[in-house]
Amino acid sequence: MKTKITICALALLALVSVKATTPSTWSVVATGATTEKGEVAWGDFNNDGYLDLLQVSNNAFSLYMNNGNETFTDVASSKFPLPLPAGVGQAMTLFMDYNNDGNLDLIISGSVGGATVTTLYKNSGAPNYTFTVDTSNSLLGMRTGNDGDSHKFLSAVDYNNDGWVDLFMEGWCDALNTRVVTLYKNVGGTFVRQTTPVGGTADFEGMNGGSLHTGDINHDGFVDVITAGYSVSGNYTTSLYLNQGNGTFVKSAASFTGIEQGEVVLFDSNNDGWLDVFVAGVGYSGGWVWPGTLYLNNLDGTFTAMATGTNLPSGTQGYTAFSSGDVNNDGKTDLMVMLPNGENTAMYYNNGDNTFLKDVLPIPVRARAGSMDLADFNNDNKLDYFLFGYNDNLAWIGVFAKNTIDVANLAPSVPTNIQATNVNGKYTITWNNSTDDITPQNALRYNIYVQDQAGNVYAYSPANITTGRLKTGSQTLLYKNEIVLDLAPGQYTVGVQAVDQSNTASAFVTTSISITTKMENTIMSTVDVKSINKKIELQNNGSQNVQVALMSLSGQSLYKGICKAGSGMVIPTNLNQGVYLVKLSKDNTTQTVKVSVL
């Protein structure tokens, strides 16, 4: 009898120790445009600490300002040039700060009036926070391919760690009459298309109809890119390109099922701090296939396909939206999926063993044939969402859904022991790992910002550097406690914060660094060049005078003078933000360096 009691007690203890996955509960707090076939993007465009929302579709163009009390006001007509677009079809949109002024700018790409258009809107900042079209940047017009395809074909991220956010694009381009995957490098606020980013000799393989996502797959501190869709070679293709850290990429040998009309999602499924890959969509390999496969990162450049048992959705025509994050505050990343059938939308809650619990959302907060995205819009450290599309029970809807689960979530601890080491003119920033009340330490992510003396701010993912609150709904973050920055000469404050799986962020810990460029040429080895307070300073530590010429990137002469031996000088020209050329000459020898003014 004692043995039986002991066995029963152990069995009961085992049952008690198993923590069941608990789905979140939801309530509608506000409504948006009732439409279909478009995209949404979260971003705090007016720097008030609350995430706002842009909604674009075939017949809607709305900017919902967050009032801070779980209500929203459509302010598009007062924030954008009139007349507003009647609609943007086959579209993608996202917020980013491309000019490092601390204000979120906006990019919208899609079909307007029958033509593919990509428009870059510059945010004026305080006090009005209005958007104007940046006509100085010319970007290829891009669209997804058709309205049934995935709309995730833009990604803004600093791929070369130089302090300026770059842009990846995928889709059908009318101007080139072909499928395109391309990279625009940000040079001081100007986007320059890179035509040979793969090995320095080739472009990415063009495709459309699938998705494009970025993230540090191999943990080397440089962001990689994974593309999916119907390619120029006539195949359904999923390709992973690994960043070499020198401005180029190499195609990985890793093999994934090729798809379109679906999405390839990067997320840390097993909380080991390495990005895994989920592929869902429509493919063809000797016959039609509808994959829904989770590939686990083996940490060595290879992946293991979880063939069955995950309970994640298989691909099928009509997939239009995925979003990921810790929805129920249990420290694991979940998936939100817009389904094509009568179920409309479901959460797939992560059980922690690479299996997922499917939970079809309540009727008032689900839809299909539209889009959605997770974000904490009321600052309670729980992921909410906005969703629009067709609801099989209610017709067309657009709803802001509040997460009402009764589980608290604290911000991670602030990183400690931030260090900056100068190696060959680049700074390696390191810090100690943070801890969190819910998210395991290995699964915490990190964000970094750099601020110059004039107050200009570059952030790996846009954030309020005072409060630490993230300024966009979807982020590309660091998955290791180290990054190498290739910054222009200047004096900077560098800040690091930790981010949990619910996108709740800690405050920043900061340090200071000073970067000078010393000419490598033996004649010029004693000349330092740096930018500070919108001017360029030189220090000539040599014994001979040096002739100095300042030029714009287009070759326009802005200044000529002499930096005397053994002394410093400031070029007496107030400069706008951007990249400039400083030409130094002595004894019939000339050397030119690029200097970024932030």
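Being a predicted model, the structure only gives us computed values, none of them experimental. As a basis for the values below, the full set of heavy atoms in this structure was taken, side chains included, without hydrogen atoms, waters or symmetry mates.
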Item to check | Residue pair S371 / E39, side-chain donor-acceptor N/O under 3.5 Å | outcome: yes
Checklist entry - Do S474 and D373 get their side chains close enough for a donor-acceptor pair, meaning under 3.5 Å? => result yes
Item to check | N208 versus R179, side-chain donor and acceptor atoms under 3.5 Å | outcome: yes
Item to check | Ring-ring centroid check F249 F204, cutoff 6.0 Å | outcome: yes
Checklist entry - What do you reckon, are the aromatic ring centroids of F80 and Y121 less than 6.0 Å apart? => result yes
Next on the checklist: Looking at D452 and K530, is there a salt bridge between them, counting it only when a charged N and a carboxylate O are closer than 4.0 Å?
Outcome noted: no
Checklist entry - With no hydrogens and no angle check, do the side chains of N47 and K471 hold a donor and an acceptor under 3.5 Å apart? => result yes
Item to check | Side-chain donor or acceptor of D162 paired with backbone N/O of D486 under 3.5 Å | outcome: no
Next on the checklist: Tell me if the centroids of the rings in F377 and F386 come within less than 6.0 Å of each other.
Outcome noted: no
Checklist entry - Does L383 offer a backbone N or O that forms a donor-acceptor pair with the side chain of N503 under 3.5 Å? => result no
Checklist entry - Within the distance-only criterion (no hydrogens, no angle test), does the side chain of N243 pair as donor or acceptor with the backbone N or O of Y159 below 3.5 angstrom? => result yes
Checklist entry - With no hydrogens and no angle check, do the side chains of Y446 and N433 hold a donor and an acceptor under 3.5 Å apart? => result yes
Checklist entry - Do S124 and T130 have side-chain atoms, one donor and one acceptor, less than 3.5 Å apart? => result yes
Checklist entry - Does S567 use its side chain to pair, donor to acceptor, with the backbone of K564 at less than 3.5 Å? => result yes
Checklist entry - Do T73 and N67 get their side chains close enough for a donor-acceptor pair, meaning under 3.5 Å? => result yes
Checklist entry - Judged by modelled atom types alone, do Q451 and T493 share a side-chain donor-acceptor pair under 3.5 Å? => result no
Checklist entry - Without hydrogens or angle criteria, can the side chains of D74 and S62 be said to hold a donor-acceptor pair below 3.5 Å? => result yes
Checklist entry - Can you list the steps and then say if T333 with Q501 is a side-chain hydrogen bond (donor to acceptor under 3.5 Å, both in side chains)? => result CA-CA 6 Å; T333 303; Q501 298 285 43; 3.0 Å; yes
Next on the checklist: I107 and side-chain contact (heavy atoms from CB on, under 4.5 Å): which single residue from D134, L154, T119, N137 fits?
Outcome noted: L154
Item to check | Ion pair D174/R143, N-O distance below 4.0 Å | outcome: yes
Checklist entry - Quick one: do the Q547 and N545 side chains pair a donor with an acceptor below 3.5 Å? => result no
